[in-house]
Every structure is written in C-alpha cells, then in structure tokens.
Amino acid sequence: AMEKSYISTFLLLVAVSCALAKDVGKKEAKETTAKPKLPQTLSRGWGDQLIWTQTYEEALFRSKHRYRAPPRTAPRPLASPRPLTRTLFFSSNKPLMIIHHLDECPHSQALKKAFAEHKDIQKLAEKFILLNLVYETTDKNLSPDGQYVPRILFIDPSLTVRADITGRYSNRLYAYEPSDISLLYSNMQKALKLMKTEL
C-alpha cells in the first residue's frame with residue numbers, strides 16, 4: 001500500500017512538472033515571437049539610409065565645415081616627442097535642409113511617408129546636411145512666418161536661411177503636403193543650384 005502511494009505521488013509530481021514546463025515554454029515562445037521594438041533613429045522615418053544630424057548646432061557646423069581627421073602615423077615609443085598634427089576643416093558645400101514636424105501630427109506623418117517613399121527625393125537628399133526636428137529651436141530665423149508643422153527650410157553654407165525657397169501656401173510659406181512632393185523636389189534642386197551660383 002505504501003508503494004502505491006509513493007508511485008501515485010511520484011506520477012502526480014511528474015504530471016505537475018510537465019504541465020508547468022509546458023506553461024513556461026509557451027511564455028518563452030510568446031516572448032521570442034513578439035516583434036522587438038526598434039530603437040528610434042535620427043531619421044525618425046524620413047529616410048533611414050540617409051545621414052541625419054542630431055542637433056541644430058551640429059547641422060550648422062556640418063553645413064559650414066567638414067572635419068577631416070589627421071593622417072594616421074605609426075605608433076611611437078613613449079620617449080619620442082609627439083609629432084605636431086593639424087586638424088583640417090573643409091567647407092562641406094552642402095546646404096542644410098531642416099524639417100520641422102511632430103510625431104502625433106497627421107500632416108507631418110503624411111508628408112514623412114511621401115518623403116520617405118519618393119526615390120528621387122531620397123537620392124537628392126544625400127546632397128544636403130539633414131535635420132528633422134520635433135521641437136522648436138531658439139533661432140527665430142527658423143520660424144520667419146510662424147511656428148507650424150510640417151515646414152521645411154533651406155539654409156546655405158554661409159548660414160543664410162533661404163527665405164526665397166517657399167512652398168505653395170501664402171499663409172504658411174514653408175509648409176508642404178504630400179501633394180506638394182514634386183514642388184519640394186524642385187525646391188531641393190533650386191537650393192542646390194542657388195548655392196552653386198551664389199557662393
């Protein structure tokens with residue numbers, strides 16, 4: 001009788017262990033099949049393959065200058081004096097394109113989608129220093145006719161806001177909608193052309 005109770009207890013423990021193991025296995029499977037949340041990139045969906053700057057100050061600096069590291073030299077013994085190296089800066093010859101938008105704004109989302117899906121704009125954007133902002137800067141030159149979104153401004157390498165490159169709306173000069181994507185493309189070309197003729 002004692003053996004039967006031991007065997008019954010043993011079988012019960014095996015059954016419970018199996019049930020718990022299946023439960024844990026299901027939880028682990030659910031956790032691994034859930035889509036991982038991708039980290040937010042500087043592009044914020046405007047073109048992940050493009051190089052975006054993080055801040056307005058960085059964008060201005062990169063538009064005006066391009067850093068080039070000094071040439072690498074062979075390691076020197078500690079007793080040897082360090083050679084003098086110079087840090088070189090060159091003009092990037094790229095205008096700055098600043099996109100003001102908000103993540104929760106439907107107009108911004110629609111323009112972002114059109115911008116990201118337009119192959120010619122994505123290719124042309126490589127010729128710009130790019131910055132997209134979800135906040136306003138303290139530079140009043142970036143809101144010449146008000147703080148609205150979405151708006152896109154161009155700044156040439158002399159750090160001049162190109163107020164003459166506008167969208168089609170008289171009350172929001174720098175606003176674009178998805179239907180204005182061809183106008184935005186031609187304005188990007190205009191920004192590049194003006195930069196070459198004026199600088």
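Positions are given from 1, in the same order as the sequence printed here.
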Distance, nearest 0.5 Å, that separates [atom1] of [X] from [atom2] of [Y]:
| X | Y | atom1 | atom2 | value |
| --- | --- | --- | --- | --- |
| T166 | F154 | OG1 | CZ | 10.5 Å |
| H118 | L184 | NE2 | CG | 8.5 Å |
| I99 | Y176 | CD1 | OH | 10.5 Å |
| M97 | L50 | CE | CG | 8.5 Å |
| L131 | T55 | CG | OG1 | 7.5 Å |
| I152 | L173 | CD1 | CG | 14.0 Å |

Contact check, side chains of [X] and [Y], non-hydrogen atoms, under 4.5 Å:
| X | Y | answer |
| --- | --- | --- |
| S179 | R168 | yes |
| P144 | L153 | yes |
| R44 | W52 | no |
| I155 | N141 | no |
| S143 | R151 | yes |
| K113 | P178 | no |
| I165 | L194 | yes |

| task | Without swapping roles, check the side chain of N132 against the backbone of L42 for a donor-acceptor pair under 3.5 Å. | result | yes

| query | Would you say the side-chain atoms of S108 pair up with the backbone N or O of L102, donor to acceptor, closer than 3.5 Å? | reply | yes

Minimum heavy-atom distance between [X] and [Y], given as atom pair plus value:
| X | Y | answer |
| --- | --- | --- |
| A116 | G45 | CB-O, 3.4 Å |
| Y148 | R172 | OH-C, 3.4 Å |
| G167 | N187 | N-ND2, 4.3 Å |
| L183 | S186 | O-OG, 2.9 Å |

| message | For E57, give me all partners under side-chain hydrogen bond (donor to acceptor under 3.5 Å, both in side chains), at least two apart in sequence or on another chain. | response | none

| request: Check the pair H101, L111 against side-chain contact (heavy atoms from CB on, under 4.5 Å), reporting the backbone distance first and the verdict last. | output: CA-CA 9 Å; H101 65 102; L111 181 61; over 6 Å; no

| request: Answer yes if V134 and V149 sit in the same cluster of Ile, Leu, Val, Met, Phe, Trp and Tyr residues linked by side chain heavy atoms under 4.5 Å apart, and no otherwise. | output: no

Identify all side-chain donor-acceptor contacts of residues 122-130 below 3.5 Å with residues at least two apart in sequence or on another chain.
from: Q122; atom 1: OE1; to: Q49; atom 2: NE2; distance (Å): 2.7
from: Q122; atom 1: NE2; to: W46; atom 2: O; distance (Å): 3.0
from: Q122; atom 1: NE2; to: F115; atom 2: O; distance (Å): 2.9

| field | M195/T160 under side-chain contact (heavy atoms from CB on, under 4.5 Å): CA gap, chis, key distance, verdict | value | CA-CA 10 Å; M195 184 200 69; T160 303; over 6 Å; no

